[in-house]
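Read the structure below first, then the notes.
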Amino acid sequence: MTRREVGRLVMALLLGAAVALPVGMMLADQRTAPAGSPHALPAPTDHRAVFSPKVLSDPYFLDQQRKGIEALEQNCRRTGAMCDEARQGRAWLERQGQR
């Protein structure tokens, strides 16, 4: 390949990337956004909203925390250990539910 051909190849690749990136972003936005609201993300039901800046209000995250706190409470009832952590966890979870 000559220097001129390499230059053309590089320019073609840059032009292709410049066109493909916006098209890909538009297609991805249309696929994840619900109808009527092009920028809103769908509400997660069975998985965590990975890109959400509000992790503490994410239903999946709160459900996982609730399961962990319930396990601590069961352990507290069974063995008498980690009871303070279970109480603090339950209080934290109740505060998160009030937000």
Side-chain angles (χ1 to χ4, degrees):
M1 286 182 110
T2 65
R3 188 175 212 144
R4 186 175 194 155
E5 290 173 334
V6 171
R8 284 184 179 176
L9 179 62
V10 169
M11 290 304 291
L13 289 173
L14 289 174
L15 181 61
V19 170
L21 181 66
V23 170
M25 292 181 76
M26 287 187 321
L27 291 175
D29 188 38
Q30 290 174 356
R31 195 178 329 143
T32 58
S37 179
H39 298 291
L41 295 174
T45 55
D46 62 341
H47 61 281
R48 186 167 105 46
V50 178
F51 300 109
S52 172
K54 299 178 182 178
V55 174
L56 295 179
S57 63
D58 182 13
Y60 179 80
F61 173 78
L62 291 174
D63 185 53
Q64 295 301 309
Q65 295 301 311
R66 182 188 51 77
K67 289 177 184 178
I69 291 167
E70 287 173 356
L72 277 173
E73 290 171 339
Q74 287 177 356
N75 184 55
C76 174
R77 285 190 294 271
R78 191 172 56 248
T79 65
M82 311 251 336
C83 293
D84 189 43
E85 287 84 352
R87 280 191 293 275
Q88 290 176 8
R90 179 58 65 183
W92 177 85
L93 191 61
E94 290 174 359
R95 283 194 307 269
Q96 295 306 313
Q98 293 174 0
R99 287 185 180 181

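All values derive from a computational prediction rather than experimental measurement.
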To the closest 0.5 Å, what do you measure between CZ (Arg66) and CZ (Phe61)? 13.0 Å
Test Gln96 against Trp92 for side-chain contact (heavy atoms from CB on, under 4.5 Å), laying out the working first. CA-CA 6 Å; Gln96 295 306 313; Trp92 177 85; 3.2 Å; yes
Ignoring hydrogens, what is the shortest heavy-atom contact between Pro22 and Ala17? Give both atom names and the distance. CD-O, 4.4 Å
Please name the pair of heavy atoms, one in Asn75 and one in Met82, separated by the smallest distance, quoted to 0.1 Å. ND2-CG, 4.0 Å
Student check: side-chain heavy atoms of Arg77 and Gln74 closer than 4.5 Å: yes
ILVMFWY network linking Leu93 to Leu72, side-chain heavy atoms under 4.5 angstrom: no
